[in-house]
Structures are given as structure tokens and as C-alpha cells.
Amino acid sequence: MSHKFNQYRQLLNSSLDHAVDYLESLPERPIDKQSSSESLRKAIGGTLPMAGTSPEHVIQQLVTDVEEGLIGSGGPRYFGYAIGGSFPVALAADWLVSAWDQNVPYYVSSPATSIVEETAAEWMLDLLNLPKTAGVGFTSGAQEAIYTALITARNSLLKKAGWDVAANGLYGAPRIHVVMSDQIHSTIKRALSMIGIGLNDIKTIPTDHNLRIIPDTLPAILAECDGPTLVCAQAGCIDSGAFDPFDEIASCAEAHPNAWLHVDGAIGLWSAASDTQKHLLKGIEKADSWDTDGHKWFNMPYDSGMVIVKDACLLAKAMGGNNMGDYLTDAIAKPDRNAINFGISASRRARGVPVYATIKSLGKEGIQAHLDNCCTLAKRMADKLRNVDGITILNDVVSNRFSAQFGKGDDAFRDQLTARIVHQLQQDGFCYPSTSGYKGLKTMLFSVLSCHTTAQDIDASAEKIIEIYHMELEKVQEECTQSDATPCS
């Protein structure tokens with residue numbers, strides 16, 4: 001027989017060299033090189049190749065062509081959105097996942113990685129102090145995790161109301177009420193639209209100045225919900241890092257005759273792994289389901305979401321149970337973990353392997369040290385900025401993120417100045433925050449999620465932010481003297 005397995009070594013060694021060169025450049029390279037889509041298309045695009053090209057040349061050309069369009073989001077001074085770096089051990093384990101090329105939804109197709117994921121799931125429940133009865137599925141990200149959890153919630157709520165979704169579909173089903181924060185992340189609404197629950201069915205709960213649900217308003221809102229009701233709360237609000245009052249919310253949900261409580265913990269659920277932060281999540285174990293994302297604060301490579309449902313049987317039933325093709329009957333019947341019972345994918349890579357490797361490498365103490373360090377660094381940055389005249393930190397910094405505004409004067413002036421400052425910081429490329437909104441205000445969102453960020457990175461980034469603040473403020477003031485159209489302080 002003629003096999004080609006001897007072709008891998010040279011190509012993988014070439015990829016290793018390029019990958020390590022890129023990773024080692026992250027502390028110094030501009031985070032965004034501001035390449036245009038036109039220039040990237042010119043380098044990368046073109047007509048369909050008719051003849052082949054040597055694999056070695058393709059890898060070299062790929063590295064060269066994409067270089068200018070890569071965002072250094074894995075670096076130590078990337079503070080935008082909610083994107084973490086990667087622990088080295090997680091990346092190394094993820095490379096093995098690609099090489100092993102296993103299909104993990106069925107135990108029979110990959111016994112070893114099935115048990116790795118089973119173990120990683122058990123360790124996660126211990127780490128996050130969640131019920132041992134819960135089912136854990138490894139998803140593409142928080143969006144898929146939310147989608148999976150809300151499918152389970154929908155089916156369970158309707159079953160309790162006397163309607164079997166699997167048998168009858170949704171035509172004629174009782175209407176499900178939805179109760180959520182006015183600051184809930186858009187992924188929740190997106191998932192609702194996907195599973196046939198209309199946005200018009202949402203009742204919003206007001207939030208305080210830290211974007212935390214005001215629990216006193218919840219009983220009256222739930223009293224208006226006379227049928228199956230989905231309640232959604234947040235562990236780690238995107239704009240403030242705030243945690244909703246889970247104890248009070250859970251008590252209200254438990255008092256309702258047919259309610260399901262889901263907690264979106266895409267970022268903040270990891271705080272449960274820290275002895276110094278877990279008080280922020282008091283009562284979270286009373287929820288019915290949770291989602292989180294490993295590529296954010298837990299520093300997994302993409303893609304690494306997790307869905308967790310308190311009653312594993314409800315999750316398995318919502319995912320189809322044993323409703324599989326005849327050719328899979330033996331696979332499903334095996335008395336071992338079949339990951340297809342914990343998620344929507346019938347084919348996928350072994351996403352739980354990097355999670356297993358990282359938990360085993362760092363241990364609970366190492367994971368807690370990473371989580372606590374990120375919070376310490378976020379507070380360090382907030383303290384440096386709030387001491388500058390004209391910079392306002394909008395929320396109490398309880399976790400790893402905060403929102404800030406720049407300038408004095410009316411909302412329009414501060415919104416414009418803030419947007420200019422963040423844009424200039426991104427153009428500059430030394431550090432990278434992002435813009436967001438905080439109860440209608442344009443803000444700078446600053447997140448510390450990377451295991452590579454140091455106090456020195458924070459201090460240097462603070463100097464850059466303050467420098468650009470003063471520079472842009474001066475420019476705006478000059479423009480104000482020349483044009484009545486520019487909002488002025």
C-alpha cells in the first residue's frame with residue numbers, strides 16, 4: 001500500500017515555526033495593522049485555482065498573505081469586547097485534537113476523548129460549584145450554549161404545561177413569557193428568535209446604575225406571567241461586569257408555578273471558581289441552566305463554549321434522546337458518555353480536551369490566581385483613569401471589566417469625544433479597548449481577560465489612554481472654535 005502519512009512532519013514543523021513566531025511577536029506587534037479589505041482580497045483572493053500548488057508553498061503564502069490582517073487579540077494589551085488569550089497548554093492540547101481527528105459525539109467513535117470530555121465536565125461542575133446532577137455539553141461558543149439551554153428550557157416548560165414539542169411541534173403550543181434584564185446580552189434574544197419565541201413576548205426588568213437587576217420589581221412582573229415563563233439573568237454584564245442578585249431572582253422563579261431560570265455566564269460564571277469572587281454568585285446554583293464560554297475569561301482557543309443544565313435528563317431529551325438513525329443504534333446504546341445527548345452537534349471535534357488539559361495543568365489554585373489577577377488589573381486601570389480630570393468610570397469595578405467616558409459637558413460632547421478616543425487608540429495599535437453603550441451613553445469598554453496581561457501592560461496602556469485623551473480633547477476644542485456643528489463642552 002502507498003500511504004502519505006510521512007508528509008505531515010515537514011508541514012507541521014513549518015506551521016509550528018510560523019505559529020511560534022506569531023505568538024512571540026504579540027507583545028510588540030501593533031494589535032491592528034489597519035489593513036483594508038481591498039488589500040486583503042488582493043493578497044488572498046483571486047480566481048479558483050485549476051492546478052495544484054505544493055503544500056509547503058501554500059502554507060508559506062498563507063502566512064504571508066494573512067499577516068497584515070491579523071488582529072493581535074491574543075496579546076497582553078488587547079482589552080476589547082470579551083476576547084481572552086490562550087493558555088499555552090490549551091493551545092498545545094488543541095493541536096493534538098486536530099491531529100487525532102476524532103468525532104466525539106459518540107463514545108464508540110472515540111472512547112478516549114469521550115472520557116476526557118466526561119472528566120472535564122465533572123471537573124467543571126466542581127470548579128464552578130454547580131450541582132453534580134447537571135449535564136455539560138461542549139459547544140462552539142456561548143451563542144450555541146445559550147441556544148441549547150433555551151431549547152431545553154422551552155421543551156421543559158411546555159411539557160409541564162401539557163405540550164410535547166417533540167411530538168406536536170410549536171403550532172398551537174402555549175405562549176411562553178420571557179422575563180429578562182434590560183441589559184441582557186443580544187445572544188439571548190438571538191437564541192429566542194431561533195427557537196420560535198417572539199421578542200414581543202419579552203418583559204424587561206429595570207437595572208440599577210451598575211446594570212444589575214433590581215429584584216424588587218420582579219414579583220410584580222412575574223405575576224403578569226400566567227403561563228410557562230423563562231427568566232434570564234446575567235453573571236458578568238458585558239458593560240459593567242455586574243452580577244445579578246441570583247438568590248432573590250431564584251426565589252421569585254421558584255414561587256412561580258412554571259418558570260425556568262437561565263443564567264448567561266458567558267464571561268462571569270468563571271468567578272465561581274475563585275474563593276474571593278464566588279460571593280458575587282450567591283444563589284446561582286439554584287438556576288435551571290447556565291452557559292459560559294472558554295475562549296473569554298478561561299483562555300481556551302476557539303471554539304470552546306459550555307452549556308450546563310441542572311437535570312441532565314432534560315438536556316438529553318431536548319437533544320433528541322435516542323431518536324437516531326438505525327446505523328447509530330449500537331453507538332447510542334453503549335453505557336458510556338455519548339456527547340450527542342448534551343448538544344446539537346452530530347459531528348464535532350473534541351472541544352473538551354483543551355479544557356481537561358488546562359484544569360489538570362493549572363489546578364483550581366492556578367485558575368483562581370488567573371481570575372483574581374484579571375480583576376486586580378482591571379481595578380488598577382480604573383483607579384489610574386478615574387484620577388484624571390475629565391475621565392469618569394461609570395460602574396463599580398467588581399470584576400474584570402468596566403465602562404468609562406471622557407470629557408465634561410453634555411452627553412453629545414462626551415459621546416463624541418469617547419468615540420474618537422477609542423478609535424484613535426485602535427488606530428495607534430498599542431492597546432485595544434472597544435466602544436459600547438451604557439444606558440444610552442457611548443463608552444469605552446475595558447476588559448482584562450488574558451493570562452498574558454501584566455501590571456506593566458496596564459500601566460503602559462493607562463499612559464497611552466491618558467495621552468490620547470488629552471490629544472483628542474485638544475483637537476475637539478479647536479474644532480469647536482471653527483464650527484458650530486461640533487458638540488462642545
Atom pair [atom1] ([X]) and [atom2] ([Y]), whose distance is rounded to the nearest 0.5 Å:
X	Y	atom1	atom2	value
Ile465	Ile391	CD1	CD1	8.0 Å
Met194	Ile146	CE	CD1	10.0 Å
Ile195	Leu150	CD1	CG	5.0 Å
Asp164	Leu158	CG	CG	9.5 Å
Leu314	Ile151	CG	CD1	14.0 Å

Between the side chain of [X] and the main-chain N/O of [Y], is any donor-acceptor distance below 3.5 Å?
X	Y	value
Ser109	Tyr106	yes
Asn338	Tyr107	yes
Lys159	Val165	no
Asp208	Leu211	yes
Gln143	Thr187	yes
Arg414	Gly409	yes
Lys310	Ala287	yes
Ser86	Pro88	no
Thr148	Gly343	no
Thr392	Leu394	no

Please name all residues satisfying salt bridge (Lys or Arg N to Asp or Glu O under 4.0 Å) with [X], sequence neighbours left out, ordered by chain then number.
X	answer
Glu144	none
Asp216	none
Arg351	Asp303
Asp383	Arg386

Side-chain donor-acceptor distances from residues 219-231 under 3.5 Å, at least two apart:
{"residue": "Asp226", "atom": "OD1", "partner": "His177", "partner atom": "NE2", "Å": "3.1"}
{"residue": "Thr229", "atom": "OG1", "partner": "Gly227", "partner atom": "O", "Å": "2.8"}
{"residue": "Thr229", "atom": "OG1", "partner": "His256", "partner atom": "NE2", "Å": "3.4"}

Whether the Trp270 and Thr292 side chains hold a donor-acceptor pair (N or O, under 3.5 Å, no angle test) is what I'd like checked.
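Yes.
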
When you check the side-chain N and O atoms of Asp372 and Gln277, is any donor under 3.5 Å from an acceptor?
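The criterion, which ignores hydrogens and geometry beyond distance, is satisfied for Gln277 and Asp372.
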
The test is side-chain contact (heavy atoms from CB on, under 4.5 Å); show your working for Arg154 and Ile176 and say whether it passes.
CA-CA 8 Å; Arg154 178 199 66 188; Ile176 295 176; 3.7 Å; yes

Can you give me the closest heavy-atom contact between [X] and [Y], atom names plus distance?
X	Y	result
Leu218	Val179	CD1-CG1, 3.7 Å
Asp457	Pro76	OD2-CB, 3.3 Å
Asn395	Ser403	OD1-N, 2.9 Å
Ala134	Ile308	CB-CG2, 3.7 Å
Ser345	Pro105	O-CG, 3.7 Å
Ala272	Leu281	N-CD1, 3.7 Å

Exceeds 12 heavy-atom contacts within 6.0 angstrom, atom [atom1] of [X]:
X	atom1	answer
Lys203	NZ	yes
Glu254	CD	yes
Lys364	NZ	yes

Starting from the C-alpha separation in whole Å, work towards a yes-or-no answer on salt bridge (Lys or Arg N to Asp or Glu O under 4.0 Å) for Asp411 and Lys442.
CA-CA 9 Å; Asp411 290 351; Lys442 177 72 73 173; over 6 Å; no

Are [X] and [Y] packed together at the side-chain level, in the sense that at least one heavy-atom pair is separated by less than 4.5 angstrom?
X	Y	answer
Ile31	Phe430	no
Pro354	Val97	yes
Phe138	Val355	yes
Thr454	Asn373	no
Leu91	Leu23	yes
Phe342	Val307	no
Phe413	Phe406	no
Leu130	Met124	no

Can Trp100 and Thr113 be said to form a side-chain hydrogen bond (donor to acceptor under 3.5 Å, both in side chains), step by step?
CA-CA 10 Å; Trp100 290 337; Thr113 59; over 6 Å; no

Please assess Asp389 against Lys408 for the test salt bridge (Lys or Arg N to Asp or Glu O under 4.0 Å), listing each intermediate value before the final yes or no.
CA-CA 9 Å; Asp389 186 43; Lys408 298 178 179 180; 2.9 Å; yes

Is [Y] paired with [X] through a side-chain N to carboxylate O contact shorter than 4.0 Å?
X	Y	value
Glu117	Arg348	yes
Arg212	Asp244	no
Asp459	Arg380	yes
Arg420	Asp415	no

Go through Asn210 and Ser240 one step at a time and tell me if the side-chain hydrogen bond (donor to acceptor under 3.5 Å, both in side chains) criterion holds.
CA-CA 6 Å; Asn210 282 319; Ser240 67; 6.0 Å; no

Where do Thr443 and Thr435 land on the side-chain contact (heavy atoms from CB on, under 4.5 Å) test, with the steps shown first?
CA-CA 5 Å; Thr443 61; Thr435 57; over 6 Å; no

Is the Lys NZ or Arg CZ of Arg401 less than 6.0 Å from the centre of Phe446's six-membered ring, within 45° of the axis?
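The answer is no; the distance or angle limit is not met.
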
I'd like to know whether Lys189 forms a side-chain contact (heavy atoms from CB on, under 4.5 Å) with Ile202, so could you lay out the CA-CA distance, the side-chain angles of the two residues, the decisive distance to 0.1 Å, and finally the verdict.
CA-CA 9 Å; Lys189 295 180 180 179; Ile202 295 175; 4.3 Å; yes

Before you tell me yes or no, could you show the steps for Asp94 and Val353 under side-chain contact (heavy atoms from CB on, under 4.5 Å), namely the whole-Å CA-CA distance, both residues' side-chain angles and the distance that decides it to 0.1 Å?
CA-CA 7 Å; Asp94 200 51; Val353 171; over 6 Å; no

Can you list everything that forms a ring pair (Phe, Tyr, Trp, His ring centres under 6.0 Å) with Phe87? Sequence neighbours excluded, please.
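Phe87: ring pair (Phe, Tyr, Trp, His ring centres under 6.0 Å) contacts with His370.
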
